[in-house]
Amino acid sequence: MTGFDTRAIRAGMTPDPITGAVVPPLHLSTTFRQDFPGELLGGFEYARCANPTRSALQENLVALEGGTAAFSFASGMAAEDAFFRAVVRPGDHVVLGLDAYGGSYRMIDAVYGQMGVTHAALDLSDLTSLDEHLAQTKTRVVRIETPSNPVMSIVDIAAVTDIAHRHGALALVDNTFATPALQRPFEFGADAIVHSTTKYLGGHSDVLGGAVVLNSSELAESVYNMQNWLGAVSSPFDAFLTLRGIKTLGVRMERHSRNALALARAVVGHPSVSEVHYPGLDSHAGHAIAARQMSAFGGMLSISLAGGPDAARLLTTRTQIFTLAPSLGGVESLIEWPSGMTHTSVEGTPLAVPHNLVRIAVGIETESDLIDDLTAALDSL
Ligand SMILES: Cc1ncc(COP(=O)(O)O)c(C=O)c1O
């Protein structure tokens, strides 16, 4: 199964051997009968340890990212927490990008900070400073997010991973925005990938979830232990819905990317807009790197408003099709004001988001409707 869409549709989707059902059944059972104590049928014992529907999703995620093991969780944050619990110890240091997802920063700062894990938020496009920082610290993990949420900056995965490895650190990539349909971090040397599957993998704004994907058995055993021992697993129904969403991931990402590029181009130069942040634009600082490591530029963009924070807030109330709501990755277009909504947790930190920034999750509706709606809203400011 070499093609991405074939893998997305077929991996983990073995027809039910008893009924022939093409869509494998949703297994809700929490416990599994044994013929003799300890002799498991198909490896299943108790649903926190393993469940057939979750296993099917995990097998699918391995095939999508090109890893060797995947573990699915109740949310993106639960997944990232399991990864960090598995690998960091008191005295370790973690490096994040200057514009990492606010919730991830909060977790490293507030939760792991209390456990004696230190951190620094750095501009990961400044490779010399990163190299110097890693030489002076006991860094265990460099956390890469590209494109980043919400300012859409791009990190060179291969270059940062190379530096991390030279200093004995692991390179973790949050691949939520790009998805494996557009970017596969293991091909650039990354050690681990985390996802909020709540977003594009689920794809319909109706299921919360997260995943860790790995390509080494040592890390896989540690993350599996965190999944099994602590139990923040995805429910069978959530796994089933996520698997269903993934089948159309490839075609959705193509349309998300096409719509977002058209929308970005349509609002560049609008008098109400001071800057459009979309890696598909030639003018974007990370465009060349994004073009190298992504097959298209994704469905997320943000815009800086010339009229400042008031104009930014107002814009989010003036669209008809773009719904004012947090989150992203569903088929429907959303608009939000990060500094007062999704990113309040980083206010006052080095990761604080400009107050004149509006984030747009471009859906897969008709391109011309989206352009008309956003330009009319900008005209009204
Ligand atoms: C890039 C990124 N990573 C991780 C998360 C956390 O995922 P979840 O909300 O599923 O816990 C989010 C949520 O917005 C996100 O945007």
Side-chain angles (χ1 to χ4, degrees), residues 57 61 65 70-85 94 96-112 121 124 141 143-155 157 172-183 185 190 192-213 226-227 230 232-235 238-239 241-242 245-246 253 256 277 279 294 297-302 325-330 334-346 351 353 357 359-362:
L57 170 60
L61 292 167
E65 289 287 12
F71 302 98
S72 108
F73 291 87
S75 70
M77 289 316 306
E80 195 166 343
D81 178 42
F83 173 80
F84 277 102
R85 277 177 197 269
V94 172
L96 304 95
L98 247 191
D99 43 11
Y101 169 60
S104 302
Y105 176 78
R106 178 173 54 193
M107 180 184 78
I108 299 296
D109 182 40
V111 180
Y112 286 88
L124 296 183
V141 179
R143 182 191 184 280
I144 299 166
E145 190 177 310
T146 180
S148 70
N149 182 3
V151 294
M152 305 301 299
S153 62
I154 297 294
V155 175
I157 301 173
L172 168 70
V173 177
D174 183 330
N175 207 24
T176 300
F177 269 33
T179 83
L182 307 184
Q183 170 176 281
I193 296 169
V194 285
H195 277 283
S196 168
T197 59
T198 313
K199 310 298 181 339
Y200 291 104
L201 272 63
H204 298 77
S205 306
D206 56 9
V207 55
L208 201 69
V212 181
V213 192
M226 294 304 116
Q227 185 194 44
L230 303 177
V233 294
S234 43
S235 77
D238 290 353
L241 280 179
T242 306
I246 287 173
M253 291 314 291
H256 280 295
H277 311 271
M294 301 174 80
F297 302 98
M300 295 301 297
L301 63 92
S302 53
S327 202
L328 58 121
L334 304 176
I335 190 164
E336 66 116 6
W337 186 50
S339 57
M341 293 173 63
T342 49
H343 286 68
T344 46
S345 64
V346 289
L351 284 80
V353 176
L357 193 82
R359 189 186 76 180
I360 295 175
V362 184

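These numbers come from a predicted model, not from an experiment. Note that ligands are numbered from 1 as they come in the structure, with each ligand's atoms numbered from 1 the same way.
- Considering both main-chain and side-chain atoms, Lys199 comes within under 3.5 Å of ligand 1 through a nitrogen or oxygen pair.
- Heavy-atom contacts of Thr198 reach the following atoms of ligand 1: 10 (O) (cutoff under 4.0 Å).
- Protein heavy atom in closest approach to atom 2 (C) of ligand 1: Asp174 OD2, 3.5 Å.
- Contact atoms of ligand 1 toward Gly209: 10 (O) (distance under 4.0 Å to a heavy atom of the residue).
- Looking at ligand 1, you won't find any N or O of Leu208 less than 3.5 Å from one of its N or O atoms.
- In terms of N/O distances under 3.5 Å, ligand 1 is not approached by Phe177.
- Not a single donor-acceptor pair under 3.5 Å links the side chain of Asn149 to the backbone N or O of Phe177.
- Polar contact with ligand 1: absent for Glu145 (N/O pair, distance under 3.5 Å).
- The only member of Leu301, Leu334, Ile335, Leu328 that meets side chain to side chain contact (heavy atoms under 4.5 Å, CB included) when paired with Arg359 is Leu328.
- Side-chain contact of Asp99 with Tyr105: a donor-acceptor pair under 3.5 Å is absent, judged by distance alone.
- A perpendicular orientation is assigned to the rings of Tyr101 and His343, their planes being inclined by more than 60° (bins at 30° and 60°).
- The protein atom (non-hydrogen) at minimum distance from atom 16 (O) of ligand 1 is Asn149 ND2, 2.9 Å.
- To the nearest 0.5 angstrom, Asp238 atom CG is 14.0 Å from Phe73 atom CZ.
- Of the heavy atoms in Glu80, none comes closer than 4.0 Å to ligand 1.
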For this session: Determine, step by step, whether Ser72 and Ser234 satisfy the side-chain hydrogen bond (donor to acceptor under 3.5 Å, both in side chains) criterion, reporting the C-alpha distance in whole Å, the side-chain angles of both residues, the deciding distance to 0.1 Å, and the verdict.
Result: CA-CA 6 Å; Ser72 108; Ser234 43; 2.3 Å; yes

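- Of the protein's heavy atoms, Tyr101 CE2, 3.6 Å lies nearest to atom 6 (C) of ligand 1.
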For this session: Please assess Asp174 against Arg143 for the test side-chain contact (heavy atoms from CB on, under 4.5 Å), listing each intermediate value before the final yes or no.
Result: CA-CA 7 Å; Asp174 183 330; Arg143 182 191 184 280; 2.9 Å; yes

